[in-house]
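A quick write-up on the structure given underneath.
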Amino acid sequence: MKLVTCGLPYANGKAHIGHLRTYVPADVYVRYLRLMGQDVLFICGSDCHGTPIVVNAEKEGISPKELVDRYHEHFQKIFRELGIEFDFYGRTDAEYNHRRTQEIVKRLIENGYVYAKEIELAYCPKCDRFLPDRYVEGICPYCGAIARGDECDQGCGRHLEPGEIKEPRCKICGSKAEFRKQKHYFFKLTAFKDFLIDYLENKLQGTENALNYARQWVKSELRDWCITRNLEWGVKFPGEDLVVYVWVDAPIGYISFTEEACKRKGLDWKEIWLNGEISDITHFIGLDIVYHHCIFWPAMLKGAGYSLPKAVVASGMVKVEGKTFSKTRGYVVWVEDDYLKAGFNPDYLRYYIVNYTSHEKDLNFSWKVFRDKVNNEIIATLGNFIYRVLHFAWKNFGRIEGKVDPVVIDKIAEIKDKIVSAINRWEFKEASDAFMELATFGNEFFQSSKPWDLIKEDRDKCMDVLASCIQIVKALVIFAYPVMPKTMSKLAEFLGFDIANARLEDALKPIESIELKKPFIPFEKVDDKKIEEMERVMLERIRRAEEAESGKELIDIKEFEKLDIRIGKILKAERIKGSKKLMRLEVDIGNEVRQIVAGIAEVYKPEEVVGKLVPVLVNIKPAKLMGVESRGMILAADVNGKPVLLHPDREVPPGSKIR
RNA sequence: GCCGAGGUAGCCUAGCUGGUUGGGGCGUCGGACUCAUAAUCCGAAGGUCCCGGGUUCGAAUCCCGGCCUCGGCACCA
């Protein structure tokens, strides 16, 4: 029995195209494996714990469970509608996962891989509780920006250790927090370094993008993981008033979901998870969680005495209309609101995702490309071939009994081999290109055989041609089924065979005789108006996002007057060591020379900004960036996140006021 | 900065253990056909294989240097 899993969607937001980038190929993979005769268990579930869920639930005034329920339902619905069929879709807050997680944590403790340590944590005296991660807000000790407890998300982006944040405040009640010591538990990840190096170099299979990242990480410094948090919501850490960190109980979902799936099917989950060193387990994940799956997870499994995964397959990133996927900036396609509600066939999106490029590379989603792929590839090549054959055969004969051309059988066999080879390398584009090649072959065969002429001259010969074509149609239905299950199962039913129990080899078995009904048009065209509408929706969203980003209300001139903006002359400039973006400048602002740190080093070289006149916000609070004090802020235009400097249109004296 | 991945015609790509004219798809142009959702088929145009140097009889393919793009740099879900 082979196990295939997908990274668990976090039950904190709706499904978008980024999710599908992992789930669709995984589903396609499983369906092909089954067509290849393999026994596969396919599982997934909702990731239900963690601080963001608790914080968001509190914000909405509902319980974490209510929030999780909502998105758990949502994801199940999306998967159902897109034909992503898990054998079991669980949730990490279920009893079975709590039980398995606690069992594994106990094993880790028994085996000596967990130790306690006192650390200083932010504590809110008013709420009377410790404040984990995102419950804290304060000042970043490095750059002075407002930061979260665990990360300076708006400023320098640094990770913050517990206790590092300055002036911590409780995010719930807003009152001042203090630091208090508390005992927490750490997982001895460092003890697994040698094991991990060997595992990643010699044992784990998968896509290069995942393996290379992981190898690089494991060779640099590993640190022990703090695996406990001060929350109510989560899996209780044995014997303490703490819960385990989400990244402990989330992957354990893979195990507990397997148990549940096996229980329902009368199988033994231990054959997968407790059968020795490496087990036939394949994890499909996004690139963002490679670390957890290739480092943390195998170490945990090893430490608790469980089997290790055989392969980790990581999908590439998603872009939307050529821009980096971003929910906040509006470059996103929501599966339900944007796609399904518009009434598009889910098979189209599945085909797009699988066929756009290889699994490891970046996938760009564009509505125009979508329209072209659907209309030119799915419909014109594949759908049209199927329909023209079925329609012609039904109209002229009704029943087809003829000899299939051996050339056709050879071609089908060739395509089948291509598909098998591609699937074994997780090359889903190659597999889908292969069946499209067969459709093109079919069109060529039909065209060059001219059955519309033959029917007038030689009905038997015409019948043979159609027998060959129907053979190709059947092969196409089987070969394309994993990518487009909805439409292909309808066609299989039309042709009178059971796709659920089909094998790739069935495509080669000649159809002796077949009775045809009136065929249906398998795919509906996507029209330009609809695409324009979709693009409008997206542009509108991007525009709104930009507006929200700038988030500007109307202000009084008095407020503007608070800003002291002057022209400064850059006297000196140098890069800041260790930083990609920052440049240290000495700027003459008229009555003094200030040291200012500016994020322009990605675009400008020091020598080209020296001597330039630029606007400077003089009365901004001083801040430290990368340890260098900055007293002022260079103003520049923001073009796609990159700075463009502004210069006065004629020479003006440094210190000139801007108003 | 460090570490990955990658730069092949308007777009997506194959080739990358070096060897005849760098394949394929979409788009474009011309033609043919009419069974079919103006679908299909045939043909054509289109490439400094990022740049520079090197190794070699010979490099998109190997080596060195540079430029550019994307991503990661961790207890962030």
Roughly how far apart, to the nearest Å, are [N] and [M] at atom [atom1]?
{"N": "G7(B)", "M": "C12(B)", "atom1": "P", "value": "11 Å"}
{"N": "G66(B)", "M": "G30(B)", "atom1": "P", "value": "49 Å"}
{"N": "G23(B)", "M": "U40(B)", "atom1": "P", "value": "24 Å"}
{"N": "C49(B)", "M": "C16(B)", "atom1": "C1'", "value": "11 Å"}
{"N": "G71(B)", "M": "U55(B)", "atom1": "P", "value": "38 Å"}
{"N": "C64(B)", "M": "C3(B)", "atom1": "P", "value": "14 Å"}
{"N": "G24(B)", "M": "G65(B)", "atom1": "C1'", "value": "34 Å"}
{"N": "C73(B)", "M": "U28(B)", "atom1": "P", "value": "42 Å"}

Pairing nucleotide - [N], Watson-Crick or G-U, each distance under 3.5 Å:
{"N": "G4(B)", "answer": "C70(B)"}
{"N": "U21(B)", "answer": "none"}
{"N": "A44(B)", "answer": "U28(B)"}
{"N": "C75(B)", "answer": "none"}

Touch check for [X], heavy atoms < 4.0 angstrom, all strands: base, sugar-phosphate only, or nothing?
{"X": "Ser358(A)", "result": "nothing"}
{"X": "Asp224(A)", "result": "base"}
{"X": "Pro9(A)", "result": "nothing"}
{"X": "Phe187(A)", "result": "nothing"}

When the aromatic ring centroids of [X] and [Y] are compared, is their separation below 6.0 Å?
{"X": "Phe296(A)", "Y": "Tyr291(A)", "value": "no"}
{"X": "Phe325(A)", "Y": "His16(A)", "value": "yes"}
{"X": "Tyr115(A)", "Y": "His184(A)", "value": "no"}
{"X": "Trp367(A)", "Y": "Phe344(A)", "value": "yes"}

Hey, does the side chain of [X] come within less than 4.0 Å of [N]'s phosphate (OP1/OP2), counting only N and O?
{"X": "Tyr245(A)", "N": "A77(B)", "answer": "yes"}
{"X": "Lys368(A)", "N": "C26(B)", "answer": "no"}
{"X": "Asn376(A)", "N": "G27(B)", "answer": "yes"}

Grab the [atom1]-[atom2] distance between [X] and [N] for me, whole Å please.
{"X": "Ile285(A)", "N": "G72(B)", "atom1": "CD1", "atom2": "C1'", "result": "13 Å"}
{"X": "Phe435(A)", "N": "G24(B)", "atom1": "CZ", "atom2": "P", "result": "21 Å"}
{"X": "Ile379(A)", "N": "C26(B)", "atom1": "CD1", "atom2": "P", "result": "15 Å"}
{"X": "Asn375(A)", "N": "G27(B)", "atom1": "CG", "atom2": "P", "result": "10 Å"}
{"X": "Asp433(A)", "N": "U13(B)", "atom1": "CG", "atom2": "P", "result": "11 Å"}
{"X": "Leu382(A)", "N": "U40(B)", "atom1": "CG", "atom2": "P", "result": "12 Å"}
{"X": "Asp372(A)", "N": "A39(B)", "atom1": "CG", "atom2": "P", "result": "11 Å"}
{"X": "Phe446(A)", "N": "A39(B)", "atom1": "CZ", "atom2": "P", "result": "17 Å"}

Exercise. Does Arg91(A) pair with Asp69(A) as a salt bridge, N-O distance under 4.0 Å?
Worked result: yes
Among [options], which is the nearest nucleotide to the side chain of [X]?
{"X": "Ala380(A)", "options": "A77(B), U37(B), U40(B)", "result": "U40(B)"}
{"X": "Arg388(A)", "options": "U37(B), C75(B), A36(B)", "result": "A36(B)"}
{"X": "His391(A)", "options": "C35(B), A77(B), C75(B)", "result": "C35(B)"}
{"X": "Trp225(A)", "options": "U40(B), U37(B), C75(B)", "result": "C75(B)"}
{"X": "Glu377(A)", "options": "C70(B), C75(B), C26(B)", "result": "C26(B)"}

Problem set entry | Cation over ring face, Lys302(A) and Tyr199(A), 6.0 Å, 45° | no
Exercise. Looking at Phe186(A), is Lys117(A) sitting on its ring face, NZ or CZ under 6.0 Å from the six-membered ring centre and within 45 degrees of the normal?
Worked result: yes
Sequence-distant partners of [X], side-chain hydrogen bond (donor to acceptor under 3.5 Å, both in side chains), two or more places apart:
{"X": "Glu321(A)", "value": "Ser366(A)"}
{"X": "Thr440(A)", "value": "none"}
{"X": "Ser46(A)", "value": "His72(A), Tyr89(A)"}

Problem set entry | Whichever of Ile53(A) and Lys319(A) has its nearest RNA chain B nucleotide further upstream toward 5' | Lys319(A)
Exercise. Hey, which of these two, Asn12(A) or Phe392(A), hits RNA chain B nearer its 5' end, going by closest nucleotide?
Worked result: Phe392(A)
What N/O pairs connect the protein and nucleotides 3-6 of chain B at under 3.5 Å? Give each pair on its own line.
residue	atom	partner	partner atom	Å
C3(B)	O2'	Gln216(A)	OE1	3.1
A5(B)	OP1	Asn212(A)	ND2	3.3

Problem set entry | Distance-only polar pair, side chains of Asn443(A) and Arg388(A), donor-acceptor under 3.5 Å | yes
Exercise. Between Asn355(A) and Lys373(A), does any side-chain donor sit less than 3.5 Å from a side-chain acceptor?
Worked result: yes
Exercise. Around atom NZ of Lys530(A), are there more than 12 heavy atoms of other residues, nucleotides or ligands at under 6.0 Å?
Worked result: yes
Polar atom pairs between nucleotides 10-12 of chain B and protein, under 3.5 Å, N or O only, would you list them?
residue	atom	partner	partner atom	Å
C12(B)	O2'	Tyr356(A)	O	2.8

Distances under 3.5 Å between nitrogen or oxygen atoms of protein and nucleotides 30-33 of chain B:
none

Problem set entry | Candidates Thr5(A), Val313(A), Thr22(A) - the one meeting side-chain contact (heavy atoms from CB on, under 4.5 Å) with His283(A) | Thr5(A)
For this session: Answer yes or no: is there a donor N or O on one side and an acceptor on the other, between the side chain of Asn97(A) and the main chain of Asp93(A), under 3.5 Å?
Result: no
